[in-house]
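For reference, the structure discussed in these notes is given below.
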Amino acid sequence: MAKALSKETHLAMYQKMSLIKQNDDQIQFEMKTGKLMMPYYSARGQEVIPSAVSVNLNPDDYLVTIYRGIHDSVAKGLPLKDLWAELAGRDTGTCKGKGGPMHITHPETGVMVTTGIVGSGIPIATGLALSSFYKKDGKVTVTNFGDGASNIGAFHEGLNLASVWKLPVVFICANNRYAEHTAYEMGTACDTIAERAASYNMPGVRVDGNDPEAMHAVAKEAIDRARNGGGPTLIEAMTFRFCGHNIGDDSHYIPAEEMAAAKEADPLPRYRQWLQNQGFATDEELTAMEANIAEEIKAAKEYAYSCDFPGVEELKRDVYAYDLA
Amino acid sequence: MAKALSKETHLAMYQKMSLIKQNDDQIQFEMKTGKLMMPYYSARGQEVIPSAVSVNLNPDDYLVTIYRGIHDSVAKGLPLKDLWAELAGRDTGTCKGKGGPMHITHPETGVMVTTGIVGSGIPIATGLALSSFYKKDGKVTVTNFGDGASNIGAFHEGLNLASVWKLPVVFICANNRYAEHTAYEMGTACDTIAERAASYNMPGVRVDGNDPEAMHAVAKEAIDRARNGGGPTLIEAMTFRFCGHNIGDDSHYIPAEEMAAAKEADPLPRYRQWLQNQGFATDEELTAMEANIAEEIKAAKEYAYSCDFPGVEELKRDVYAYDLA
Amino acid sequence: MTAKMTMLEAINLGIKDAMAADESVILFGEDVADEQGGGVVKATAGLSTAFGERVRSTPISEQGFVGAGVGAAIGGMRPVVEVMMANFLAVCMDQIVNHAAKIRFMSGGQTAVPMTIRTMSGAGFQTGGQHTDWTEAWFAHTPGMKVVMPSNPADAYGLIRGCIEDDDPCLFQESMPLYWVPGEAPVQGNVIRLGEANIVKEGTDVTLITYGRGVADSMAVAQKMAADGVNAEVIDLRTISPLDNDTILNSVAKTRRAVVVHEAVRSFGVGAEISSRIHEQLFSDLKAPVQRVASSDCPTPFCKPLEDAFLYSQAEIEHAIKATLD
Amino acid sequence: MTAKMTMLEAINLGIKDAMAADESVILFGEDVADEQGGGVVKATAGLSTAFGERVRSTPISEQGFVGAGVGAAIGGMRPVVEVMMANFLAVCMDQIVNHAAKIRFMSGGQTAVPMTIRTMSGAGFQTGGQHTDWTEAWFAHTPGMKVVMPSNPADAYGLIRGCIEDDDPCLFQESMPLYWVPGEAPVQGNVIRLGEANIVKEGTDVTLITYGRGVADSMAVAQKMAADGVNAEVIDLRTISPLDNDTILNSVAKTRRAVVVHEAVRSFGVGAEISSRIHEQLFSDLKAPVQRVASSDCPTPFCKPLEDAFLYSQAEIEHAIKATLD
Ligand SMILES: Cc1ncc(C[n+]2csc(CCOP(=O)(O)OP(=O)(O)O)c2C)c(N)n1
Ligand SMILES: Cc1ncc(C[n+]2csc(CCOP(=O)(O)OP(=O)(O)O)c2C)c(N)n1
Ligand SMILES: [Mg+2]
Ligand SMILES: [Mg+2]
């Protein structure tokens with residue numbers, strides 16, 4: 001088995017988890033009060049995955065994620081101010097307010113693509129890994145997607161190509177058991193997504209994506225493999241989304257017991273308690289950490305609202321490398 | 001094991017194989033002499049697969065095939081006159097000369113779609129099987145494609161959907177080891193295509209597609225399963241194409257020994273000899289059968305050339321259900 | 001006092017009536033069954049309850065299930081397939097343009113694909129670049145396809161039924177911003193034939209040619225300008241392909257001025273074809289060149305001020321009308 | 001005496017010189033490496049031998065490898081990706097229109113996709129409905145994309161280099177019937193900037209606006225009609241999007257008559273946009289409406305007589321010119 005993780009790693013993971021959760025809470029709050037107007041796909045309940053992955057990544061490693069991907073980007077290091085300014089549609093946002101929550105991009109922290117088209121990020125991630133192969137830059141590309149995405153053609157083509165070309169990329173499927181309102185079994189013919197890796201002759205592993213240690217171990221192995229020229233890995237991380245597909249979804253299609261059990265097993269308080277039990281941190285220390293995060297989010301939010309909207313000349317910019325007339 | 005096949009079945013299979021081969025010879029001959037102008041993808045060497053499949057099908061079962069599919073259609077029962085008139089682009093052709101060799105269609109014999117887009121027939125076949133589900137017409141849909149096609153998204157999506165909906169369809173992959181000029185290993189990450197069936201929770205079987213008995217047994221089991229409500233099957237039939245990807249291809253990318261070994265193992269003379277060894281037919285009987293086929297092809301050819309080309313008004317027809325002005 | 005209904009309700013009713021009338025009509029797409037909520041905007045709510053397994057929620061695999069629609073149609077069914085958003089048509093273009101559209105022709109008329117693809121789009125919800133797009137020009141440039149866009153609930157009912165009854169593949173592109181706008185309720189059973197435009201307002205001075213969301217905007221401008229003595233005729237195309245040349249040309253022959261309005265981006269859009277046809281046919285009758293009002297030539301931006309500026313405005317329609325009157 | 005070269009050779013040389021000049025240029029597509037024959041028409045022959053693993057044959061998975069092109073471009077490479085035939089673009093439209101074209105805009109200019117997609121098409125080989133199609137109108141209607149179609153070897157060299165050097169995604173659509181026609185050899189190193197049309201023949205009486213294969217046909221007709229005293233100007237657009245408005249409008253302002261010629265089907269094609277722009281800008285200067293010459297509105301038929309009738313003819317160009325002169 002992998003050797004036990006250090007206290008620092010545990011606290012780093014928890015820090016990211018708390019950041020993701022608080023950030024999500026605040027986004028939802030701002031949406032309820034009408035201050036943010038946007039489509040939003042909460043990842044509440046899925047905090048562990050990107051937290052455990054990201055502590056294994058270098059700042060310049062590449063991330064390709066999806067509409068439900070703000071947690072991935074935040075875990076990767078995306079600055080909160082830039083994020084919030086983008087959510088608020090301001091010209092200081094990561095994408096000058098032109099992309100929005102579904103298209104967060106921030107190359108400085110390796111957040112290269114956020115796509116709203118299910119599955120499409122998989123070939124793109126493969127291409128980023130290909131660029132690393134040519135540039136010999138030692139980067140690993142990680143790409144996130146959902147269980148439903150494993151049924152679309154781009155998944156198949158991307159994994160096959162990455163394997164044939166043995167590229168440094170890690171495919172991370174967050175299996176939260178639903179694709180929009182469609183339960184896993186209704187859309188996916190096989191019992192696990194991990195087993196699909198066999199079709200591409202790459203390692204496929206299913207892991208409890210809500211268990212930080214287990215998730216960390218699997219992610220580390222895959223990232224190391226990629227970095228060391230061992231090619232791609234498919235990880236199926238089992239998890240659950242607490243807030244439905246998007247804001248407004250009442251999760252009517254999820255049996256009440258399933259939802260209750262998932263929330264009961266919320267990885268966040270569980271991990272928080274475990275950290276204390278292990279003696280890695282006291283309640284006070286964690287509370288202080290959380291308060292710092294809260295402050296940071298508050299500052300980002302205030303900053304965002306203080307910024308200007310982009311001017312209409314932006315419609316002529318970034319369509320091509322030069323401005324349109 | 002499956003029970004031994006009757007003499008009649010064997011002779012029926014051989015009859016189709018000989019028909020396919022002679023028909024292919026004649027097409028190639030007519031192309032060389034400039035009488036037929038068209039893209040053509042010979043299936044010389046792959047005669048066993050559709051022959052062994054078709055003897056298990058009813059005349060009204062559905063077939064969806066590809067550019068390299070004339071052998072499939074002929075085995076299914078496509079009338080030679082209609083075929084040849086189409087190849088010659090005449091108005092008496094299956095498609096009035098508007099489709100050509102890559103789009104042979106003949107619903108009377110169940111030849112529903114011939115597509116030139118790799119992989120695309122797979123979802124369409126799934127849809128034909130869906131229509132049979134609704135109509136309860138007891139039909140089975142068979143669809144043919146190559147090894148290279150198993151790397152494209154439509155394959156993945158089609159098989160997954162057919163499995164989730166448990167439809168009466170049989171997916172037959174003719175693995176001839178090459179996709180155009182690209183060898184299997186360069187494009188396909190896994191060792192066998194049959195194992196990809198696991199991703200769709202359907203039976204997947206690899207068979208020697210040049211062995212009539214083995215091919216027959218596997219096809220029968222899959223067709224019976226489909227007809228009896230047992231859902232889809234993926235068959236990987238190992239074979240080889242003797243004449244390259246298309247006419248004009250010199251097969252430079254195929255090692256000489258590989259080609260020589262394949263031709264050495266030509267299933268046609270081998271089967272012919274076997275039939276005689278078994279006492280199923282004498283050389284004279286088989287020669288007579290072959291001569292009859294030759295006559296039939298000759299008649300089809302002469303018929304085709306005697307027919308007219310379609311008139312230009314056909315450009316306005318069949319674009320929609322009504323004629324354009 | 002006529003009954004009111006929203007476009008969503010009208011589409012739902014249209015499909016329902018079509019399914020009741022013809023057993024071969026089947027429906028599938030992501031989340032369309034009631035167990036999954038009856039569609040992401042509930043356009044198909046109640047249908048699986050009413051029609052059982054004739055309604056199916058699909059895996060996320062547009063190539064797979066649109067392709068299955070092609071096959072089912074060849075097999076004698078009349079599939080109504082939902083592709084959730086217009087942008088997602090890009091993942092299944094092959095099944096639409098290379099197969100659905102061409103199969104009748106390539107088979108010499110032996111097989112056909114009477115399939116209806118429903119999809120939706122429309123700026124104004126800050127859904128950004130990959131969830132707001134207009135694809136009518138692509139499919140109108142694809143012989144064999146028909147393209148329909150309704151502007152009001154009654155038409156939506158009649159046109160979805162028209163698509164389902166049509167023997168050729170149809171793209172039925174719905175305008176999100178119109179979904180919840182109540183309008184006159186359809187007369188049940190009223191099927192609108194494809195290819196026939198509708199003159200929603202008669203006029204003499206200029207012809208506004210539009211479809212979908214452009215109809216309400218054009219009507220608003222027409223009404224406003226009537227006060228200034230400009231009497232505009234407004235044509236709701238309903239069907240974009242095939243275009244109703246006669247209605248367009250007869251109107252412009254009368255008014256001698258025309259403005260085309262659509263939500264899609266301007267360049268190489270549907271407006272170009274309409275403008276060209278009018279100039280080709282009525283060159284010497286025209287008092288002014290045909291004007292086009294459309295969205296800016298860029299992807300759809302996220303933030304509200306840019307999204308608003310991106311989309312054409314009523315002011316631009318007014319401006320274009322005035323340009324034809326100068 | 002100038003050296004001669006075919007368009008295939010010129011494209012090959014252009015890619016080769018681009019790869020030699022810039023290490024970040026990589027090439028992939030089905031069968032493109034020498035082990036696989038250097039491409040289905042040998043357009044890329046010799047390149048893998050020269051540049052090793054910078055040239056890769058791919059599995060049959062256009063979404064996969066065009067998507068990989070998008071990713072590699074974002075990662076700093078300049079991929080040249082071959083999609084064997086234009087029809088196969090339909091299987092990977094999503095990566096092109098939703099990603100390649102939009103990523104610069106949606107990222108607020110932080111990332112870009114300097115990718116060149118090479119593809120080919122062209123009637124005349126009896127390849128039928130699914131191997132003969134023209135997609136330039138779809139991509140021209142997609143802001144963020146550039147669309148290029150060369151008409152001769154020297155331009156093909158300069159334009160493929162222009163595409164590869166361009167910082168935005170380009171579709172480079174090659175005309176099969178021109179592949180083996182020899183023409184003036186390119187000057188090596190001569191890069192043609194995108195967006196600039198070329199006046200291939202000056203004239204005063206009518207402007208023929210065309211691209212790709214239409215150039216030779218238009219020139220043939222122009223030459224023939226010169227004998228009858230009609231002096232036509234011929235514009236080779238080279239780049240279809242963005243259109244070179246200035247060159248088009250300046251020419252038509254002078255000749256006051258225009259004919260647009262393309263191989264793609266007529267309705268909702270590129271000709272419509274060009275015609276509309278000319279009418280909008282030069283309405284009162286025009287002596288006659290702009291004419292469009294294009295293929296019939298149907299899928300490409302297989303048999304020779306129909307394929308010939310489907311495609312526009314030189315006689316139709318001549319007829320259209322005469323229509324503008326009446
Ligand atoms: C090609 C495509 N089809 C459909 C959609 C609409 N859609 C958005 S998210 C989603 C569900 C995806 O489910 P899954 O992959 O499990 O990820 P999750 O949302 O559960 O994180 C669907 C169908 C889309 N965005 N793209
Ligand atoms: C989507 C698509 N991409 C590429 C092609 C070009 N193409 C035609 S046949 C072929 C090879 C197919 O190989 P395989 O599936 O093994 O079948 P085989 O030809 O060997 O029978 C290719 C790449 C195509 N027709 N469609
Ligand atoms: Mg999910
Ligand atoms: Mg093969």
Side-chain angles (χ1 to χ4, degrees), chain B residues 62 64 86 91 93-100 102-108 112-117 119-135 137 139 141 143 152-154 156-162 164-165 167 169 310 314-315 317-322 324, chain C residues 23-26 28 53-54 56-79 81 91-92 94-95 97-115 142-146 166-170 194-195 241-242 245:
Chain B
Y62 290 142
V64 175
E86 187 64 25
D91 67 353
T94 52
C95 309
K96 299 196 251 174
K98 296 161 87 168
M102 242 190 288
H103 305 299
I104 300 296
T105 308
H106 194 258
E108 290 90 330
M112 303 308 287
V113 177
T114 301
T115 180
I117 310 293
S120 293
I122 297 173
I124 298 176
T126 299
L128 279 159
L130 181 66
S131 77
S132 291
F133 168 86
Y134 286 116
K135 293 176 141 186
D137 59 16
K139 293 182 190 178
T141 300
T143 184
I152 203 162
H156 181 66
E157 297 190 13
L159 266 70
N160 185 59
L161 190 65
V164 169
W165 289 354
L167 295 172
V169 52
E314 284 296 338
L315 295 178
R317 287 208 186 122
D318 308 322
V319 182
Y320 297 101
Y322 47 83
L324 291 172
Chain C
E23 269 223 312
S24 67
V25 180
I26 55 176
F28 45 90
E53 52 187 11
R54 284 169 61 196
R56 290 167 181 255
S57 292
T58 62
I60 311 179
S61 49
E62 283 82 0
Q63 286 192 78
F65 67 76
V66 172
V70 172
I74 293 171
M77 311 303 290
R78 289 188 177 268
V81 180
V91 301
C92 54
D94 168 58
Q95 288 293 347
V97 303
N98 285 326
H99 294 90
K102 290 176 179 161
I103 271 174
R104 182 189 288 277
F105 187 88
M106 295 194 310
S107 74
Q110 295 177 97
T111 48
V113 184
M115 169 172 65
T142 304
M145 281 303 295
K146 295 188 174 180
D166 196 277
D167 288 328
D168 288 302
C170 301
L194 306 191
S241 173
N245 286 324

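Chain A is the first sequence line, chain B the second, and so forth, proteins listed ahead of strands; every chain is numbered from 1.
- Inter-residue side-chain proximity for C/Met77 and B/Lys135 is flagged as met; some heavy-atom pair is nearer than 4.5 Å.
- For the residue pair B/Tyr320 and C/Met145, the shortest heavy atom distance occurs at OH-O, 2.7 Å.
- Between B/Ile124 and C/His99, the shortest heavy-atom contact is CD1-CD2, 3.5 Å.
- Looking at C/Ile26, only its side chain comes within 4.5 Å of chain B, counting heavy atoms on both sides.
- The candidate with the highest count of non-hydrogen atom pairs below 4.5 Å against chain C, out of B/Glu86, B/His106, B/Lys98, B/Lys96, is B/Lys98.
- Both the backbone and the side chain of C/Thr58 come within less than 4.5 Å of a heavy atom in chain B.
- For C/Thr111, the part lying under 4.5 angstrom from a heavy atom of chain B is the side chain only.
- Among C/Ala101, C/Gly67, C/Pro79, the residue making the largest number of heavy-atom pairs under 4.5 Å with chain B is C/Gly67.
- Between chain C and the options B/Ser120, B/Gly119, B/Gly99, the largest number of non-hydrogen pairs under 4.5 Å is found for B/Ser120.
- Heavy atoms closer than 4.5 Å to chain C are found in both the backbone and the side chain of B/Ala154.
- Here the CG-CD1 distance, from C/Asp94 to B/Ile117, works out to 5.0 Å after rounding to the nearest 0.5 Å.
- Remark: the backbone N or O of C/Glu53 is paired with a side-chain donor or acceptor of B/Tyr134 at under 3.5 angstrom.
- The neighbour count for B/Glu108 CD, taken as heavy atoms of other residues, nucleotides or ligands under 6.0 Å away, is above 12.
- Residue C/Asp168 comes nearest to B/Val319 through the heavy atom pair OD1-O, 4.3 Å, listed as atom of the first residue, atom of the second, then distance.
- For B/Ser131 against C/Gly75, the heavy-atom pair with the smallest separation is OG-CA, 3.5 Å.
- A distance of 6.0 Å separates OG1 in B/Thr94 from CD in C/Gln110, rounded to the nearest 0.5 Å.
- With a 4.5 Å cut-off on non-hydrogen atoms, C/Pro242 touches chain B through its side chain but not through its backbone.
- Looking only at distances, no side-chain donor or acceptor of B/Glu157 sits under 3.5 Å from a matching main-chain atom of C/Phe65.
- Side chains of B/Thr105 and C/Met106 form no contact here, defined as non-hydrogen atoms less than 4.5 Å apart.
- Between chain B and the options C/Arg54, C/Glu62, C/Arg56, C/Gln95, heavy-atom pairs under 4.5 Å are most frequent for C/Arg56.
- With C/Gln63 contributing its side chain and B/Pro123 its backbone, the two residues share no donor-acceptor pair below 3.5 Å.
- In terms of non-hydrogen atom pairs under 4.5 Å with chain B, the most contact-rich of C/Ser107, C/Cys92, C/Pro169, C/Gly109 is C/Ser107.
- In this view, B/Ala129 and B/Thr141, B/Leu167, B/Pro168, B/Val169 satisfy the side-chain contact (heavy atoms from CB on, under 4.5 Å) rule, not counting sequence neighbours.
- For the set B/Thr114, B/Thr126, B/Leu130, B/Val64, the entry with the most heavy-atom pairs within less than 4.5 Å of chain C is B/Leu130.
- Of all heavy-atom pairs spanning B/Leu161 and C/Ala68, the tightest one is CD2-CB, 3.8 Å.
- When B/Glu314, B/His103, B/Lys139, B/His156 are compared by the number of non-hydrogen pairs under 4.5 Å with chain C, B/His103 comes out ahead.
- The minimum heavy-atom distance between B/Asp318 and C/Gly108, with the atom names listed, is OD2-C, 3.3 Å.
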